[in-house]
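What follows is one structure encoded as structure tokens, with my remarks underneath.
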Amino acid sequence: MTETVATLEPGLFKRPWVFIRGVPDMKFLPPEGPPEVAFAGRSNVGKSSLINALLEQKGLARTSNTPGRTQELNYFVPEGFSGEGGDLPPIALVDMPGYGFAQAPKEQVDRWTKLVFDYLKGRVTLKRVYLLIDGRHGIMKRDEEVMALLDKAAVSYQVVLTKADKLKTPGVGRLLGETVERIKKRPAAFPEVLATSSEKGEGIDDVRTAILTAARS
């Protein structure tokens, strides 16, 4: 076990985290080193809210009602590491641009989409993508298209249902079961589906555990 992996413990999420870099193009990516996990999902699915809940820092990841506001790969790491030499953070969380928005010009959408999938296919240190699905709507056509691209790129991904507090309790269980069935034949999909509510704090520890497990792999 390496020194980096040894520091991947639950207390990691209790320390302060910082935003270190917005990446508008592959040439601006940080050097490969610590394991990375990334968050993908439709615009307004609640990616920023989930990241803020995971790290217990309101406002760290920007939230917006404007679809497509996140236009870069946004990197977050635990505070206290210089990034020089061997003083690297034990892990990095990456907030990817949302997809499925209709308000932005097509050229911008195409550019952001290319950035995201160039990153997915070419980042050796990427351990897993957490694909966020709005629990009120379930898997939609655009989500299936993204799953197909993740499968093609052979990038491990795990589905996380957001806004579970908006559903009645029986509805959450039913949606979890339906989602598990729908991803069974997808080669890169992790078989367990998680349900979360950033507002209520539900399922947040489950996602943290999943992140640590993936980063250690």
Side-chain angles (χ1 to χ4, degrees), residues 1-41 43 45 47-64 68-99 108-132 146 149-150 153-158 160 188 190 207-208 210-217:
M1 181 177 290
T2 65
E3 182 179 352
T4 295
V5 173
T7 61
L8 289 168
E9 300 172 349
L12 189 65
F13 296 102
K14 301 296 182 181
R15 65 185 297 166
W17 284 60
V18 293
F19 166 77
I20 59 163
R21 185 177 301 189
V23 176
D25 189 274
M26 289 287 285
K27 65 185 178 182
F28 297 111
L29 282 170
E32 289 183 341
E36 298 173 8
V37 297
F39 294 83
S43 296
V45 74
K47 280 194 294 93
S48 296
S49 295
L50 180 64
I51 291 172
N52 290 337
L54 289 169
L55 306 180
E56 297 185 357
Q57 291 179 239
K58 291 182 179 179
L60 180 64
R62 297 186 307 173
T63 59
S64 173
R69 180 175 176 182
T70 301
Q71 302 175 20
E72 303 174 332
L73 301 171
N74 290 322
Y75 271 74
F76 302 93
V77 299
E79 193 174 48
F81 300 89
S82 68
E84 302 295 329
D87 190 27
L88 298 174
I91 188 173
L93 270 56
V94 184
D95 182 10
M96 298 198 297
Y99 57 81
Q108 283 186 321
V109 175
D110 291 344
R111 185 166 63 249
W112 302 337
T113 303
K114 183 179 186 303
L115 169 66
V116 165
F117 291 106
D118 282 349
Y119 167 71
L120 292 175
K121 290 183 289 185
R123 194 66 168 171
V124 175
T125 46
L126 177 61
K127 295 294 187 176
R128 182 166 296 162
V129 173
Y130 292 91
L131 181 60
L132 276 52
V146 171
L149 285 166
L150 288 164
V155 175
S156 173
Y157 61 96
Q158 183 167 10
V160 178
F190 192 76
V207 179
R208 289 172 177 153
I211 288 171
L212 294 175
T213 300
R216 293 187 186 110
S217 64

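By convention here, the first residue in the shown sequence is residue 1.
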Using modelled atom types only, decide if a donor and an acceptor are shared between the side chain of [X] and the backbone of [Y] within a distance under 3.5 Å.
X: Asp87; Y: Phe81; answer: no
X: Glu32; Y: Val124; answer: yes
X: Trp17; Y: Leu12; answer: yes
X: Arg208; Y: Pro10; answer: no

Could you grab the distance from atom [atom1] of [X] to atom [atom2] of [Y], nearest 0.5 Å is fine?
X: Met26; Y: Leu115; atom1: CE; atom2: CG; value: 7.5 Å
X: Ser49; Y: Lys58; atom1: OG; atom2: NZ; value: 11.0 Å
X: Leu73; Y: Arg21; atom1: CG; atom2: CZ; value: 11.5 Å
X: Tyr130; Y: Met96; atom1: OH; atom2: CE; value: 12.5 Å
X: Phe39; Y: Leu132; atom1: CZ; atom2: CG; value: 7.5 Å
X: Tyr99; Y: Leu149; atom1: OH; atom2: CG; value: 10.0 Å

Exercise. Please say which of Arg128, Arg123, Lys127 ends up in a salt bridge (charged side-chain N to carboxylate O under 4.0 Å, His left out) with Glu36.
Key: Arg123
Quiz item: Does the side chain to side chain contact (heavy atoms under 4.5 Å, CB included) test come out yes or no for Phe13 and Ile211, once each step is laid out?
Solution: CA-CA 11 Å; Phe13 296 102; Ile211 288 171; 4.1 Å; yes
Quiz item: Does some side-chain heavy atom of Phe117 sit less than 4.5 Å from a side-chain heavy atom of Val146?
Solution: yes
Quiz item: Heavy atoms, side chains only, cut-off 4.5 Å: are Val23 and Val94 in contact?
Solution: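 Contact flag for Val23/Val94 side chains = no.
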How close do [X] and [Y] get, counting heavy atoms only, and between which atoms?
X: Pro78; Y: Pro90; answer: CG-CD, 4.1 Å
X: Val155; Y: Ala188; answer: O-CB, 3.3 Å
X: Lys121; Y: Ala153; answer: CG-CB, 3.6 Å
X: Gly59; Y: Asn52; answer: N-ND2, 3.6 Å
X: Pro34; Y: Pro89; answer: CB-O, 3.0 Å
X: Asn74; Y: Gly22; answer: OD1-CA, 3.6 Å

Exercise. Under the salt bridge (Lys or Arg N to Asp or Glu O under 4.0 Å) rule, what do Arg15 and Glu79 come out as? Steps first, then yes or no, please.
Key: CA-CA 7 Å; Arg15 65 185 297 166; Glu79 193 174 48; over 6 Å; no
